[in-house]
Participant: 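Pasting in a structure now, in structure tokens, and then I'll have a few things to ask.
Just so you know, ligand 1 is whichever comes first in the structure, and atom 1 is the first atom listed for that ligand.
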Amino acid sequence: MKGIFISFEGIDGCGKTTQIELAATYLKKKSLEFVITREPGGCRISEQIRTILLDAENMAMRPKTEALLYAASRIQHLDEQILPALLEGKIVLCDRFLDSSEAYQGYGRKLGSGYIRGINAYALEHMPDLTFYFRCSPKQSRVRMGPRQTDRLEQENIDFFERVCEGYEQIASRDKERIFCIDATANIEKIAEQVQRHIQNRLSKEE
Ligand code: TYD
């Protein structure tokens, strides 16, 4: 695979979307080819699955249904968008990937890492080269999100998000080579500089 696959992780309101945009500005300045994409979503079919997943009316959705829909969305997205872009040598900036399922469904919904990794076996074969985890407590993220309208997952209680954070910590401690933990409460420009430094290091390795 010629390109570089980079994912951005963290709980809702951690500021990852802003950081993806800043990373894109940095890559543009360096005249590097990249694509920005997101999970769930990123292509037509996966965006349709996203609508079902985030619909605040779908409160009857079972945890396993939820986990399987995220996995289905991911398989389509990976095959249709991410892998072709990487084959063309592009840098892929992806807002969430498999770590989100492990943190949210594995820990948040208590389905366990084994179950999530099992149903996501195809994604496990194509993990990101680099992942940024924006660390932020559920309380801090609530303050940041403010009174915006919440989707189905954002309506979960603070205990759910505490478990999601615990999940991210476990995942990050297991995979220190790939995942860089960043203090999401730091100054936006400082965070962007850290992200750029890690991307630059990765690019130098490829040369
Ligand atoms: P995201 O697009 O980051 O939400 P927003 O744009 O509102 O910040 O992600 C959508 C939601 O889906 C988010 O609450 C996290 C959740 N999610 C999972 O629970 N499992 C997953 O595998 C993925 C990719 C996302």
Side-chain angles (χ1 to χ4, degrees), residues 5-21 23 36-43 45-59 61-82 92-124 126-128 131-138 140-168 170-171 179 184:
F5 182 13
I6 307 174
S7 64
F8 294 73
E9 294 283 355
I11 56 172
D12 308 79
C14 69
K16 66 187 161 44
T17 310
T18 308
Q19 289 303 327
I20 292 173
E21 283 162 14
I36 297 182
T37 189
R38 68 170 179 183
E39 290 213 344
C43 57
I45 294 168
S46 303
E47 288 290 336
Q48 287 177 357
I49 299 174
R50 178 186 176 94
T51 308
I52 301 172
L53 278 165
L54 301 188
D55 187 344
E57 302 275 306
N58 282 342
M59 296 312 276
M61 191 180 294
R62 303 297 189 261
K64 284 184 178 162
T65 310
E66 181 179 293
L68 287 161
L69 284 175
Y70 277 112
S73 151
R74 178 165 305 120
I75 290 169
Q76 184 69 31
H77 180 219
L78 188 58
D79 226 54
E80 195 183 327
Q81 293 279 331
I82 299 177
V92 174
L93 302 177
C94 192
D95 191 338
R96 302 189 180 280
F97 195 66
L98 176 57
D99 298 323
S100 281
S101 278
E102 202 173 333
Y104 279 75
Q105 282 68 51
Y107 285 81
R109 299 283 188 226
K110 302 183 179 171
L111 289 175
S113 293
Y115 179 82
I116 299 305
R117 293 168 78 81
I119 62 172
N120 281 278
Y122 180 61
L124 268 173
H126 304 282
M127 285 303 278
T131 296
F132 296 107
Y133 164 46
F134 298 97
R135 188 184 267 141
C136 169
S137 76
Q140 288 160 333
S141 86
R142 284 281 149 108
V143 173
R144 280 189 178 206
M145 288 202 301
R148 81 176 188 198
Q149 217 193 350
T150 50
D151 61 39
R152 194 176 56 86
L153 276 103
E154 288 166 354
Q155 288 177 12
E156 282 300 327
N157 60 29
I158 208 105
D159 290 351
F160 173 84
F161 287 102
E162 294 284 2
R163 286 197 298 279
V164 173
C165 286
E166 168 59 20
Y168 272 126
Q170 295 288 337
I171 299 163
I179 305 175

Participant: Can a salt bridge be assigned to the pair Glu156 and Arg109 using a cut-off of 4.0 Å between side-chain N and carboxylate O?
Facilitator: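 Arg109 and Glu156: salt-bridged.
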
Participant: Sort out the contact shell of ligand 1: every protein residue with a heavy-atom distance below 4.0 Å, listed by chain and number.
Facilitator: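 Within 4.0 Å of ligand 1, the protein residues are Asp12, Lys16, Glu39, Pro40, Arg50, Leu54, Tyr70, Arg74, Arg96, Ser100, Ser101, Tyr104, Gln105, Arg148, Asp151, Leu153, Glu154.
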
Participant: With distance as the sole test, does Arg135 use its side chain to make a donor-acceptor pair with the main-chain N or O of Cys165 at under 3.5 Å?
Facilitator: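 No; judged by distance alone, with no hydrogens or angles, the pair does not exist.
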
Participant: Between Asp55 and Arg152, does at least one N-O distance fall below 4.0 Å, as a salt bridge requires?
Facilitator: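 Arg152 and Asp55: not salt-bridged.
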
Participant: List in chain and number order the residues that pass side chain to side chain donor-acceptor pair (under 3.5 Å) with Arg50, two or more places apart in sequence or in another chain; answer none if no residue qualifies.
Facilitator: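 Counting only residues at least two positions away or on another chain, Arg50 forms no side chain to side chain donor-acceptor pair (under 3.5 Å).
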
Participant: Restricting to non-hydrogen atoms, name the atom on Pro63 and the atom on Leu111 that form the minimum distance, rounded to 0.1 Å.
Facilitator: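 Minimum heavy-atom separation between Pro63 and Leu111: O-CD1, 3.6 Å.
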
Participant: Ignoring hydrogens and angles, tell me if any N or O in the side chain of Glu102 forms a donor-acceptor pair with the backbone of Ile171 under 3.5 Å.
Facilitator: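 No, the answer is negative, given that no donor and acceptor are paired below the 3.5 Å cut-off.
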
